[in-house]
Structure formats: structure tokens, C-alpha cells
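Quick one: this structure, given as C-alpha cells, is what I'll be asking you about.
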2 protein chains.
Amino acid sequence: MFLPIETTGVIMQSYNEIVKVFCHIGNEKDMKQFMREVLTESELDALVFRWRLMKDLYHGETQRSIANKYHISLCKITRGSKILKNKDSISLKLLKKQETDT
Amino acid sequence: MFLPIETTGVIMQSYNEIVKVFCHIGNEKDMKQFMREVLTESELDALVFRWRLMKDLYHGETQRSIANKYHISLCKITRGSKILKNKDSISLKLLKKQETDT
DNA sequence: TTTTTTGTTCTTTTTCATAGAAACATGATT
DNA sequence: AATCATGTTTCTATGAAAAAGAACAAAAAA
């Protein structure tokens with residue numbers, strides 16, 4: 001996105017707001033619907049797929065194995081890989097949490 | 001992404017999972033970081049901007065006024081407009097809620 | 001140390017959302 | 001009824017971003 005500079009403040013406010021909104025949606029049904037409303041189908045698919053990739057990486061699958069499994073290129077996997085390598089990664093924490101919860 | 005949203009299967013499972021994950025992130029700091037990790041910058045920008053559009057529409061601004069303000073084309077606004085016209089819209093409920101809360 | 005496997009980065013190609021410019025619909029105002 | 005403002009939809013062209021494929025780097029295994 002490329003928005004005129006003068007709108008930056010407003011957009012930043014919207015950014016904080018939508019984070020807040022996401023935080024206060026209590027139940028899964030509403031969350032699911034909200035995500036369908038504010039994300040395009042391809043964005044949602046991409047998001048879900050990215051989560052799937054991170055899980056596979058987290059479970060120790062090699063990048064090439066994942067690439068073959070989903071018929072995608074390696075470069076697509078690097079992103080998720082980088083995120084999980086970051087020590088402060090929230091995604092990593094959430095994956096760990098999910099593991100212990102189930 | 002081009003993986004059809006099935007009603008069963010690993011992708012659907014990941015979909016339900018990530019909805020659950022979003023639901024259980026309690027605080028805004030983590031939510032913000034998580035969104036930065038699992039969405040690309042342009043996806044996040046698009047999402048935030050879409051929320052901004054919906055707010056403007058909700059407050060009664062005309063589509064043409066919004067288009068001029070942000071220097072975007074009208075066709076881009078139709079999406080948000082359609083969402084808000086649906087009486088079951090969660091976005092609409094959340095906008096109402098935000099209004100009464102503040 | 002050489003070979004093999006795995007991970008990362010680079011360049012090119014493809015894809016997808018959007019702009020722009022209408023046309024058409026609807027609804028309000030006169 | 002005629003006019004004007006607004007909303008919706010369609011079309012092609014364009015540009016930004018994502019992805020592919022290949023080259024390169026690093027690490028592990030032999």
C-alpha cells in the first residue's frame with residue numbers, strides 16, 4: 001500500500017484499533033467470520049497456509065520435504081523459517097503452547 | 001493461494017487452529033507481533049486500510065468522498081460497503097461496539 | 001576432505017489487486 | 001418528470017508483490 005503521508009497518523013490509529021478489535025473477539029465463531037470479512041479469500045488462504053508451513057517446520061520437517069509435499073518452491077518457506085528462528089517469535093511460543101495443550 | 005478451502009483435511013484443520021490461536025492471544029502487544037509474523041507487510045497494510053474504509057463508510061461518508069480522500073478508485077470501496085450492508089456483519093457489530101465503548 | 005543434504009539468496013516470471021474510465025442503477029431533490 | 005448525487009459493476013492495462021527456478025552457502029555425513 002502506498003498512502004499519502006498526511007494519512008499516516010490516521011492509518012496508524014486504525015492499526016492499533018484493529019489489533020484491539022482482534023484481541024476482544026472472544027469466541028471462535030465470531031473470529032472466523034470476522035477474518036472472512038476483513039481478509040480477502042486469498043489473504044486468508046495464504047495466512048492459513050503459512051501457519052501450516054510453520055507447524056511443519058516446527059515439527060522438524062526439512063524445507064525440501066515441505067516444498068515437495070505442497071509443490072511449492074523453497075523460497076516460500078524461508079519466510080516462516082526466519083520467523084521461527086527468531087528467539088522472540090510469538091509464533092514459536094504459540095506452537096509450543098499448542099503442543100503442550102493437546 | 002490456490003488450495004481450495006475444503007471442509008475437512010489438513011488445511012481446514014489449520015484454518016480452525018489459527019482461528020483458535022487468534023482467539024487465545026490475550027494482549028495487544030502479542031497480537032500486534034503475531035500479526036506482523038503471519039501476515040506480510042502489504043497484507044497487514046491492506047487489512048488496516050480496509051478497516052479504515054469500513055469506519056469511514058460506517059460514519060456515513062460517501063464512497064466518492066472516501067475515494068478522493070485516499071486517492072483510490074471507487075471499485076475498491078464496494079467490498080467494505082457490501083460487508084456492512086449485510087445485517088449479520090460482525091464488522092458492523094464491532095464498529096457499533098467501538099462507538100459505544102468510547 | 002569430499003560428497004551430500006539442507007538452507008538461503010538472487011534473478012526472472014507470473015499473478016493478482018487496483019486504477020482508471022466508463023456505463024448503468026438507484027434514490028433524493030427540484 | 002427531470003436533474004443531480006451517489007452507489008454498483010464491468011472492462012482493460014498496469015504495477016507491486018509473491019513465487020518459481022536456479023545459483024549459491026552452509027552444514028552434516030561419508
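Numbered from 1 within each chain, the chains take letters A, B, ... in sequence-line order.
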- Item | Phosphate contact (dA18(D) OP1 or OP2) by Thr40(B) side-chain N/O below 4.0 Å | yes

The reported gap from CD1 in Ile77(B) to OG in Ser65(B) (rounded to nearest 0.5 angstrom) is 8.5 Å

| request: Report, as yes or no, whether the 6.0 Å neighbourhood of atom NZ on Lys29(A) holds more than 12 heavy atoms from other residues, nucleotides or ligands. | output: no

In whole angstroms, the gap separating P of dG7(D) from CG of Leu53(B) amounts to 13 Å

From CZ of Arg79(A) across to P of dA19(D) the rounded distance in Å is 9 Å

Leu39(B) atom CG is separated from dA18(D) atom P, nearest whole Å, by 11 Å

Considering only heavy side-chain atoms of Ile72(B), the closest of dA19(C), dC16(C), dA19(D) is dA19(C)

Check your understanding: Will you find, in the side chains of Arg52(B) and Tyr15(A), an N or O donor that is under 3.5 Å from an N or O acceptor?
Key -> no

Rounded to whole Å, CZ of Arg50(B) lies from C1' of dT18(C) at a distance of 12 Å

Tell me whether the side-chain N/O atoms of Thr62(B) come closer than 4.0 Å to OP1 or OP2 in dA5(D).
no

inquiry  = With a 4.5 Å cut-off on side-chain heavy atoms, are Tyr58(B) and Gln98(B) touching?
reply    = no

Lys76(B) atom NZ is separated from dT10(D) atom C1', nearest whole Å, by 18 Å

To the nearest angstrom, the CG-C1' distance between Asp45(A) and dT15(C) comes to 15 Å

Check: protein-nucleotides 8-11 of chain C nitrogen or oxygen pairs below 3.5 Å:
from: dT8(C); atom 1: OP1; to: Lys85(A); atom 2: NZ; distance (Å): 2.4
from: dT8(C); atom 1: OP2; to: Gln63(A); atom 2: NE2; distance (Å): 2.7
from: dT8(C); atom 1: OP2; to: Ser81(A); atom 2: OG; distance (Å): 2.9
from: dT9(C); atom 1: OP2; to: Lys82(A); atom 2: NZ; distance (Å): 3.2

Q. Would one find more than 12 heavy atoms of other residues, nucleotides or ligands at under 6.0 Å from atom NZ of Lys93(B)?
A. yes

Residue set satisfying salt bridge (Lys or Arg N to Asp or Glu O under 4.0 Å) with Lys55(B), at least two apart, ordered chain then number -> Glu17(A)

Here the distance between atom P of dG21(D) and atom CG of Asn68(A), to the nearest Å, is 12 Å

Glu41(B) atom CD is separated from dA18(D) atom P, nearest whole Å, by 9 Å

Glu37(B) (side chain) donor-acceptor with Ile83(A) (main chain) under 3.5 angstrom | no

